[in-house]
Amino acid sequence: MENSEFAKIFYDNAKLLELGQENVFRIRAYQRAAQSIENYSGNIESVYKKGGIEALEAIPGIGKSLAEHIEEIIKTGKLKAEQSLFKKFPKTILDVISIPGLGPKTALLLYKKLKIDSIDKLKRAATEGKLMKVPGIRAKKIENILAGIELKKRNIGRFSIGTALPLAGSLVNGLKGIKEIDQIMPCGSLRRGQETIGDIDILITSKKPGVIMDAFVKLPQVDRVLGKGDTKTSVILKNGMEADLRVVEPSSFGSAIHYFTGSKQHNIMIRELAIKKGLKISEYGVFKGNKKIGGKTEEEVFRAVGLPYIPPELRQGRGEFEAAKKNELPRLIEIKDIRGDLHVHTKATDGSNTIEEMAEKARSLGYEYIAITDHSVSTRIAHGLTKEQLLSHIKKIEKESSKLGFRILKGSEVDILPDGRLDYPDEILERLDIVFASVHSNFKMERSQMTKRIITAMNNRHVSVLSHPTGRLIGEREPYAVDLDAVLKAAKDTGTFIELNSFPARLDLDDNHCKAAKDLGVLIAITTDAHVTDQMDNMKYGILTAKRGWLEKKDILNSQPFDKLLKTLALKRR
DNA sequence: GCCGTTTTCGGCCCGACTGTTTTCAGTCG
């Protein structure tokens with residue numbers, strides 16, 4: 001069972017407890033546990049299988065009672081406590097609470113007064129005017145509920161960071177000219193480098209917020225305004241994404257970007273730390289009583305609670321405070337540490353550029369080397385190369401390399417066949433400098449079979465890197481069923497490297513498993529899988545994910561200088 | 001329901017905006 005499935009049960013349970021008007025702290029405990037499980041780098045079920053209830057209790061936010069709940073879910077597939085709540089409230093009522101602007105209190109009221117327990121019934125009641133009979137609900141609220149239903153229908157799920165980052169850039173550019181702006185910075189999940197973004201958060205410091213709010217809602221990207229005040233304005237953009245703008249005094253810049261960057265869990269934790277020290281932290285600053293003692297920079301906020309600066313990508317409430325206290329924060333990988341791109345395609349298969357063009361792009365990025373890794377014969381849709389074509393491609397790469405005076409590795413992205421064999425025989429593979437092995441077919445295999453298939457391929461001494469290990473396409477295709485813990489362990493045992501594919505829709509390996517790989521001592525190759533020269537700029541997304549996975553320069557295969565890289569690659573082939 | 005360098009009991013982050021009210025509850029981030 002995946003962590004996200006456990007998390008969902010706890011999230012749902014929390015919502016049902018809210019409807020039942022349970023103790024708010026008990027509700028929060030469920031939410032906290034759900035979040036903690038979601039963010040946990042190992043698999044919860046394996047943790048239980050290995051160490052039982054006790055091991056579960058070591059996970060932050062999980063105590064005796066919730067550990068027993070997890071055990072129950074593993075053993076029976078469900079949670080009795082939740083099932084009995086479902087007897088009180090139908091399952092579909094959770095959809096009602098998920099409408100933006102409509103929370104548990106209103107949902108409970110609607111259920112009691114009008115027996116509304118689904119979005120359909122809600123919509124009917126709203127259009128037929130029945131909601132007007134409910135105390136506390138008037139025309140404006142009904143309008144908002146209907147708008148919320150529409151919004152939810154349109155805005156299914158979150159947006160890729162590949163969409164959100166450029167969009168945030170264009171919003172910032174649209175505002176930059178305003179002279180009343182002191183500083184401007186995108187914050188939120190974007191600044192934390194999350195793979196998907198729910199909404200764009202932008203922080204501005206200024207003494208004249210009114211002017212800025214007016215300009216913001218008039219930006220061409222804006223579709224409609226959700227709320228507008230002196231310090232906070234929310235809009236829906238034309239692509240359906242929400243954007244929030246917050247304006248504070250210049251003297252609050254540090255505490256404001258800290259607050260606005262989150263995560264929520266991180267903020268709660270730092271505020272709790274502050275309370276213990278007799279301080280109060282808000283977006284306006286660090287306070288001792290009524291006296292402001294810090295907040296101009298983020299460093300000041302951390303210093304107030306006796307901690308070193310924690311980079312935004314680590315602010316997930318998953319161990320960063322403990323590491324900071326012990327002064328054991330990682331020195332995260334930076335894009336400047338990357339010395340080459342190891343996974344790119346050319347015109348020879350499904351790319352758009354020549355070997356030379358890709359190599360020149362690598363040079364322009366300041367890289368020392370590049371590896372050309374076109375598809376193997378079975379990926380017919382991408383015009384995979386036959387053995388003969390690959391051999392002549394290898395010659396061409398050698399020629400280009402000496403012509404350009406740039407180090408170009410001879411590589412291939414080789415299909416892993418359903419039985420775990422590779423798409424080229426060993427005598428071909430041994431002519432290559434680097435071999436990526438990928439699953440591109442038969443995604444629907446049974447979990448244990450898929451795991452075996454991949455591990456079989458990793459056992460081949462010519463396979464250097466396992467490419468996009470889960471095959472997911474964010475928002476389009478679920479990962480195939482595979483036991484990643486077993487795959488990572490096999491990587492360690494066989495000396496195989498693991499790819500972090502920087503394509504914004506892939507970001508595969510994800511951040512959590514990057515951390516798991518690091519803990520095992522498995523090196524990660526951050527690559528772009530570029531099919532066009534421009535896509536080599538996607539490296540930044542991979543770097544963000546790597547940072548979220550606590551990866552350092554030493555954990556990254558392609559941070560190594562060329563000579564060392566060759567030696568490292570050779571280790572696998574011994 | 002969780003948790004402990006003030007606590008094994010008694011706490012549990014902080015503030016903005018909206019819509020409905022006559023001072024505030026609900027929702028959100």
Side-chain angles (χ1 to χ4, degrees), chain A residues 10 13-15 17-18 21-36 56-70 81 97-110 131-132 134-145 147-148 151 187-189 192 197-203 209 213 225-235 242-248 252 255-256 258-287 295 301 305-306 317 322 325:
Chain A
F10 282 175
N13 209 55
K15 282 186 199 151
L17 290 171
E18 268 187 296
Q21 295 175 294
E22 283 284 339
N23 178 300
V24 289
F25 298 110
R26 189 164 163 237
I27 294 163
R28 199 202 280 166
Y30 274 89
Q31 290 167 338
R32 227 194 123 196
Q35 203 165 25
S36 184
L56 290 174
E57 281 186 59
I59 298 167
I62 310 280
K64 188 164 184 297
S65 162
L66 289 183
E68 282 168 5
H69 279 354
I70 293 173
I97 312 179
S98 73
I99 293 167
L102 199 163
K105 293 275 161 46
T106 312
L108 182 66
L109 190 66
L110 293 174
L131 294 188
M132 283 300 265
V134 181
I137 294 186
R138 289 290 165 267
K140 189 75 193 167
K141 200 155 211 166
I142 295 172
E143 199 183 299
N144 284 344
I145 286 173
L151 185 66
C187 296
S189 50
R192 299 198 310 274
I197 308 295
D199 48 28
I200 292 174
D201 300 312
I202 296 173
L203 181 96
M213 296 308 186
V225 180
L226 289 177
K228 181 163 173 271
D230 280 343
T231 69
K232 191 178 164 182
T233 292
S234 299
V235 301
E242 186 178 330
D244 298 333
L245 181 70
R246 194 73 195 258
V247 182
V248 300
S252 298
S255 43
H258 178 268
Y259 153 74
F260 217 25
T261 297
S263 64
K264 194 178 158 82
Q265 190 55 36
H266 173 94
N267 285 353
I268 289 173
M269 290 170 86
I270 201 164
R271 286 171 181 196
E272 281 171 355
L273 268 180
I275 290 170
K276 279 178 194 155
K277 293 191 181 287
L279 303 171
K280 184 185 79 172
I281 292 179
S282 76
E283 56 264 54
Y284 298 111
V286 183
F287 297 89
V301 176
V305 290
E322 291 79 353
K325 270 180 212 160

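Naming: A, B, ... by sequence-line order, numbering from 1 per chain.
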From the list [options], which nucleotide is the closest neighbour of the side chain of [X]?
X         : options                   : result
Arg32(A)  : dC3(B), dT27(B), dA16(B)  : dC3(B)
Ser65(A)  : dA16(B), dG1(B), dC14(B)  : dG1(B)
Arg28(A)  : dC2(B), dC13(B), dT27(B)  : dC13(B)
Ile275(A) : dC13(B), dC3(B), dT20(B)  : dC13(B)
Thr106(A) : dT27(B), dC14(B), dG19(B) : dT27(B)
Phe25(A)  : dG15(B), dG19(B), dC12(B) : dC12(B)
Lys264(A) : dG15(B), dT27(B), dG29(B) : dG29(B)

**Message:** Looking at dT8(B), which nucleotide sits across from it as a Watson-Crick or G-U wobble partner, both distances under 3.5 angstrom, or is there none?
**Reply:**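 Because no pair has both required distances under 3.5 Å, dT8(B) counts as unpaired.
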I need the [atom1]-[atom2] distance between [X] and [N], as an integer number of Å.
X         : N       : atom1 : atom2 : answer
Lys15(A)  : dG1(B)  : NZ    : P     : 19 Å
Gln265(A) : dC13(B) : CD    : C1'   : 11 Å
Ile145(A) : dT18(B) : CD1   : C1'   : 13 Å
Lys105(A) : dC24(B) : NZ    : C1'   : 13 Å
Glu272(A) : dG10(B) : CD    : P     : 19 Å
Asp244(A) : dG15(B) : CG    : C1'   : 14 Å
Tyr30(A)  : dC2(B)  : OH    : P     : 8 Å
Lys232(A) : dG29(B) : NZ    : P     : 7 Å

**Asked** Under 3.5 Å, is there a donor-acceptor pair between the side chain of Thr231(A) and the main chain of Val247(A)?
**Response**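 Pair absent, no side-chain N/O of Thr231(A) close to backbone of Val247(A).
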**Asked** Can you tell me if Arg271(A) uses its side chain to pair, donor with acceptor, with the backbone of Lys280(A) under 3.5 Å?
**Response**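 Side chain of Arg271(A) to backbone of Lys280(A): no pair is present.
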**Whichever of Phe260(A) and Ala67(A) has its nearest DNA chain B nucleotide further upstream toward 5'** =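 The residue whose closest nucleotide sits nearer the 5' end is Ala67(A).
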**Request:** Verify the contact: side-chain N or O of Asn144(A) to OP1 or OP2 of dG19(B), cut-off strictly under 4.0 Å; return yes or no.
**Result:**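 True: Asn144(A) side-chain N/O within range (under 4.0 Å) of dG19(B) OP1/OP2.
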**Prompt:** Testing Asp201(A), Asp244(A), Val225(A), Asp199(A) for side-chain contact (heavy atoms from CB on, under 4.5 Å) with Ser234(A), which one passes?
**Reply:**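 Answer after filtering Asp201(A), Asp244(A), Val225(A), Asp199(A): Asp244(A).
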**Message:** Does dT7(B) count as syn, meaning its glycosidic angle lies within 90° of 0, or as anti?
**Reply:**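 Syn.
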**Asked** When rounded to the nearest 0.5 angstrom, what is the spacing between CD1 in Ile97(A) and CD in Glu18(A)?
**Response**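 So the gap between those two atoms works out to 7.0 Å.
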**Request:** Give me the ring orientation class for Tyr30(A) and Phe10(A): parallel if the planes are under 30° apart, tilted from 30 to 60°, perpendicular past 60°.
**Result:**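 Perpendicular.
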